[in-house]
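Only one structure is covered here, and it is reproduced in the block below.
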There are 2 protein chains.
Amino acid sequence: MTPGDDAYPRIRLYDIRKACSTCSLRELCLPVALGREDTEALDHIVERDHPLRKGDKLCRSGQPFAAIYTVLSGSLKSSTQGENGEDQIIAFHLPGELVGLDAIGAGRHHSTTEALETTSVCKIPFSRLEELSRQIPGLQHQLLRIMSKEIFDDHELLQVVARRSAEQRLAILLLNLSQRFGRRGLSRTRFRLPMSRHDLGNYLGLAPETTSRVFRRFLTQGLLSVTGKEIEFLDLPALQALTESPSAPPRSSKQG
Amino acid sequence: MTPGDDAYPRIRLYDIRKACSTCSLRELCLPVALGREDTEALDHIVERDHPLRKGDKLCRSGQPFAAIYTVLSGSLKSSTQGENGEDQIIAFHLPGELVGLDAIGAGRHHSTTEALETTSVCKIPFSRLEELSRQIPGLQHQLLRIMSKEIFDDHELLQVVARRSAEQRLAILLLNLSQRFGRRGLSRTRFRLPMSRHDLGNYLGLAPETTSRVFRRFLTQGLLSVTGKEIEFLDLPALQALTESPSAPPRSSKQG
DNA sequence: GAAAGTAAGTGATTCACGTCAATGACGCTG
DNA sequence: CAGCGTCATTGACGTGAATCACTTACTTTC
């Protein structure tokens with residue numbers, strides 16, 4: 001703890017003490033690979049604000065970039081807008097995940113991020129983070145690492161949207177969400193989708209009706225049960241098999 | 001870092017002197033926003049090797065990450081492999097553009113990059129670049145900037161693949177290539193596609209046959225002329241209009 | 001420079017998924 | 001808890017693009 005500035009930790013309103021050091025998500029979040037002391041240093045620059053309500057925007061495309069955020073509870077979606085006005089969801093953010101990395105460097109957001117439900121986030125002013133990362137070598141690297149992961153995830157999504165059938169797309173997303181819930185210690189086979197069917201479809205490049213129908217097919221095949229947004233996997237291996245099957249809309253590339 | 005050998009510019013074989021400072025691409029490449037002196041510092045860490053022949057691989061998915069590359073002449077494609085064995089081209093790289101950024105941080109490539117024709121690249125060992133970027137503040141920022149752009153480009157591609165018709169996809173790619181040729185002082189309306197129809201289709205999430213048919217349609221509509229890989233735009237405004245038109249396969253999201 | 005291999009173009013056919021339309025189920029708000 | 005709006009589901013239908021099958025045009029090779 002930097003001495004003397006007890007008065008200044010920028011944690012507002014909601015609990016004044018509980019930041020990264022005591023956060024249950026610290027193993028998933030920015031502090032990964034940071035020691036106790038370094039994590040405490042992070043505590044001092046993290047800010048918390050009112051929780052967002054469903055539909056509230058955390059940041060908008062075009063806005064100057066000032067901070068990155070981590071999700072504390074709830075969930076968000078980020079989307080970009082094409083020239084044609086259609087938007088495309090590029091990511092869903094669950095607790096422990098970082099938001100806003102794509103704006104680092106450009107100095108301006110190119111996506112809009114919106115809460116899918118009541119959501120709390122930690123705000124990490126970027127200038128202070130940069131400053132801190134000059135002192136903590138691991139942090140600088142961690143940042144690059146996370147950005148790199150963002151690129152990797154985008155490529156995976158591209159792969160899915162460009163080369164997979166509707167069933168595969170949905171299966172892949174559900175398994176991915178399952179993993180992410182599992183990482184937080186929640187059930188991997190039973191969870192609540194935070195997003196609407198519409199958003200689900202948009203993310204996967206499908207019409208909402210198609211999404212609905214694929215759910216129905218999974219249901220009748222006994223792969224899972226759906227009740228509104230509640231999902232329960234009944235046949236995980238079959239879902240995984242779907243994922244690996246080679247069938248896909250465009251065939252192309254087979255050269256090694 | 002590796003002590004002892006920092007005295008020697010690592011430029012091999014092909015011309016010993018000509019690196020960034022005198023490179024015609026320096027305004028497009030890493031040295032953007034660097035001063036004369038800093039650019040000269042870059043000179044000393046850049047390595048050049050034999051040019052690659054068509055089909056040669058610059059790096060493979062899974063390999064440890066050691067360096068980033070910039071294209072000096074020729075062109076490359078990067079692709080990822082899905083579990084199903086299908087690969088998806090995620091980017092084409094033209095002269096002045098950087099390759100391998102997605103591997104920073106993870107320490108390992110997640111894509112394979114291959115020459116589309118005879119191409120020369122500059123190799124920039126990452127450890128030395130990092131070292132240098134500690135001394136040159138602008139360079140660190142430039143790196144982040146370029147990574148951020150990579151994310152942005154991926155989002156654009158996603159937008160295109162997920163929400164656009166075959167005609168729109170091709171038009172968008174052609175216009176994008178045109179711009180990139182233009183930046184290098186080449187014609188924006190007449191150029192040679194470095195990649196096969198197959199690759200073109202793969203990148204856009206289309207079957208090669210579809211790509212071919214779309215070309216044919218453009219041809220009969222008088223939008224452009226195609227002779228093998230030679231392209232000439234005949235009606236640029238019409239192509240641009242295509243790009244902006246709102247029609248797209250999945251409709252979805254219209255909430256603001 | 002002929003043979004072989006690979007890439008490109010074209011037509012016929014099929015099918016997955018988008019679109020339109022109508023109904024039913026939640027989940028607010030008062 | 002009634003009334004409204006949004007979201008989800010389901011069906012009927014149309015279509016854009018994948019597939020399949022084949023021909024034609026380049027490259028590469030010996």
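Everything numeric here is computed off the predicted structure, so don't read it as measured data. Chain letters run A, B, ... following the sequence lines, proteins first, then strands; residues in each count from 1.
With rounding to whole Å, A:Phe218 atom CZ is found 15 Å from D:dT10 atom P. The interatomic distance linking A:Arg192 (CZ) with C:dC26 (C1') rounds to 11 Å, in whole Å. Rounded to an integer number of Å, the gap from CZ of B:Phe215 to P of C:dA7 is 17 Å. Spacing between atom CZ of B:Arg164 and atom C1' of D:dG16 amounts to 16 Å, rounded to whole angstrom units. Distance CD (A:Glu167) to P (C:dA16): 9 Å, rounded to an integer number of Å. Between B:Leu200 atom CG and C:dA7 atom C1' the separation is 13 Å, expressed in whole Å. In this structure, the CG atom of B:Leu219 is 16 Å from the P atom of C:dA8, given to the nearest Å. Regarding A:Asp199, its CG atom lies at a distance of 11 Å from the C1' atom of D:dC7, rounded to whole Å.
With distances taken from any side-chain atom of B:Ser165 to the nucleotides D:dA12, C:dA21, D:dA17, the minimum falls on D:dA17. The nucleotide whose nearest atom lies closest to any side-chain atom of A:Arg216 is, among D:dT10, C:dG9, D:dA8, D:dT10. Comparing C:dC20, C:dA8, C:dA12 against the side chain of A:Glu209 picks out C:dC20 as the nearest. Nearest to the side chain of B:Leu206, among D:dC20, D:dA18, C:dT19, sits D:dA18. Comparing C:dT10, D:dA17, C:dC20 by their nearest atom to the side chain of B:Thr210 picks out D:dA17.
At the heavy-atom level, B:Ser212 lies under 4.0 Å from base atoms of the strands shown.
Each of B:Arg217 and A:Lys229 was assigned the nucleotide of DNA chain D with the nearest heavy atom; the assignment lying further toward the 5' end belongs to A:Lys229. Residue order along DNA chain D, read from the 5' end via each residue's closest nucleotide, puts A:Lys54 first among B:Ala166 and A:Lys54.
Side-chain atoms of B:Ser78 and B:His93 include a donor-acceptor pair closer than 3.5 Å. Side-chain polar atoms of B:Ser148 and A:Asp102 form no donor-acceptor pair below 3.5 angstrom.
One cannot find a donor-acceptor pair under 3.5 Å joining the base of C:dT10 and the side-chain atoms of B:Arg197. One donor-acceptor pair, N or O on each side, does fall under 3.5 Å between the base of D:dG11 and the side chain of A:Arg213.
Between the side chain of A:Arg53 and the main chain of A:Thr118, no donor-acceptor pair closer than 3.5 Å is present.
Here A:Glu117 does not pair with A:Lys229 in a salt bridge; the nearest charged N to carboxylate O distance is not below 4.0 Å.
The aromatic ring centres of B:Phe191 and B:Phe233 sit less than 6.0 Å apart.
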